[in-house]
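Note: hydrogens, waters and symmetry copies are ignored here, and every other heavy atom, side chains too, is used. A note on names: the letters A, B, ... follow the listed sequences, proteins ahead of strands, and every chain is numbered from 1.
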Amino acid sequence: MNASATKANGKTTRLRRYLAGTWADRLLLFLVLGGIALGWSHIQQLVGSGKPMVDIYHGRTLLAEYPLHGKKTVHFAAEGEIGISDVIISNGEVFISESPCRSKRCVRAGHQHRIGDSIVCVPNRILVAIRGDAQDFDAVVE
Amino acid sequence: MSAAASPTISLARPPLPELRRKAQWMALLMLAVAIHVLESSLPGLGPWFKPGLANIVTLVALVMLGPKEALMLAVARVFVGSLFIGTLFTPTFVMSLSGALAAGLVMLAAWRFIPGISLIGISLLGSVAHMLMQFLIVETLFIQQQALYYLLPPFLLVAAATGWLNGAAAHYITDRLRAKSPAPEAAHG
């Protein structure tokens, strides 16, 4: 019993030693996490506030914008680089139901509802982004 | 005639340590490709999320074989892996290659120039560089909307966590390899 407890303790100590890193590693982690926190707070200011709006882009082109909390369900066929991505806005959520891309990561991204949330389909060059209507994205619209 | 030709062949053969290093590099490449392919087939880990386990092999190569070989391995892994997955020269390939190159170069620079850093810190920086470069490439070449960067902080957070864990795993593996072979061909510096 005692021997097994000592063995388990040894394993935990070794695991801790491998996970702890050096002082330089910890300093780098601190800097990285600090940078992420700063970036995050900056982004929160950029995305704006107010009523959430859904912007649908193909590359630089704004294809459509809809309120997230509209009365009717919106089905929008976003024509992208390799085909049509079906964007659905319903019950205060937006999602991509169909996509011509192979990986379907945009479909797997699921339902988004918060200001600042986005869904991206890289192969089809489609971006669906939720912003606050009090502030527009710094986007070039053709 | 054949007797005259055989000494030439034997002289042209590279020395055994060099052959051993090449064999080790090939074995590590195959391992990295296998992990790369496996990772790409993992379902349900969220959009763009990859644990980056193949980078553990790059870190092991950095310690065992040296910086040039590690960088070559990272790039070759993306090419061969994409060939197997069927994404060669697609946007996914461009993202993977640019990310692997950025991660490789940052890891080499960190290894050489940051005093007191271990494989954990190197992996952390590599993972963050990989994610940043992928966003930069996607924004510049494909999406062209700055709103894309609103996704960056959570992705960076996940990259930092996986980078740290992968670095710890690489540290453990290289320690075990050193313990098994008393005179490792360490190539630090």
Given the options [options], which has more heavy-atom pairs under 4.5 Å with chain A than any of the others?
options	value
B/T90, B/L156, B/T92	B/L156
B/A168, B/G116, B/G121, B/P153	B/P153
B/P115, B/S118, B/G163	B/S118

Of the backbone (N, CA, C, O) and the side chain (C-beta and beyond), which part of [X] lies under 4.5 Å from a heavy atom of chain A, both, or neither?
X	answer
B/P91	side chain
B/I143	both
B/P154	both
B/L125	side chain

From [X] [atom1] over to [Y] [atom2], what is the distance, rounded to the nearest 0.5 angstrom?
X	Y	atom1	atom2	result
B/I120	A/R26	CD1	CZ	9.0 Å
B/Y150	A/H42	OH	NE2	8.0 Å
A/I43	B/Q146	CD1	CD	11.0 Å
A/L127	B/L151	CG	CG	7.5 Å
A/L19	B/Y172	CG	OH	12.0 Å
A/H58	B/Q144	NE2	CD	9.0 Å

Grouping I, L, V, M, F, W and Y whenever their side-chain heavy atoms are under 4.5 Å apart, do [X] and [Y] come out in a common cluster?
X	Y	result
B/W111	B/V128	yes
B/I122	B/L132	yes
B/V63	B/L165	no
A/W23	B/L119	no
A/V32	B/L136	yes

*asked:* Around atom CD of A/Q44, are there more than 12 heavy atoms from other residues, nucleotides or ligands closer than 6.0 Å?
replied: yes
*Is it true that atom NZ of A/K104 has more than 12 heavy atoms of other residues, nucleotides or ligands lying nearer than 6.0 Å?*
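It does: A/K104 NZ has more than 12 such atoms within range.
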*Please examine the side chains of B/W164 and A/D25, heavy atoms only from C-beta on, and report whether any two atoms are closer than 4.5 Å.*
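They are in side-chain contact.
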*Quick one: are A/Y18 and B/D175 in side-chain contact, heavy atoms under 4.5 Å?*
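Contact flag for A/Y18/B/D175 side chains = yes.
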_Under a 4.5 Å cutoff for heavy-atom pairs, which residue among A/G59, A/G21, A/G80, A/C121 has the most contacts with chain B?_
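The answer is A/G59.
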_Top contributor to chain B interface from A/I36, A/N124, A/L33 [non-hydrogen pairs under 4.5 Å]_ = A/I36
*Taking all heavy atoms of B/M95 and all of A/V122, pick out the closest pair and write down the distance.*
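Shortest heavy-atom contact: SD-CG1, 4.0 Å.
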*Examine distances only and state if a side-chain atom of A/R102 and a backbone atom of B/G86 form a donor-acceptor pair shorter than 3.5 Å.*
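At least one qualifying donor-acceptor pair exists.
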_Side chain, backbone, both or neither of A/L29 within contact of chain B (heavy atoms, under 4.5 Å)_ = both
*Contacting moiety of A/A37, where chain B heavy atoms sit under 4.5 Å*: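 Neither; nothing under 4.5 Å.
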*Please step through side-chain contact (heavy atoms from CB on, under 4.5 Å) for the pair B/L157 and A/W40, ending with a clear verdict.*
CA-CA 10 Å; B/L157 204 59; A/W40 215 323; 4.1 Å; yes
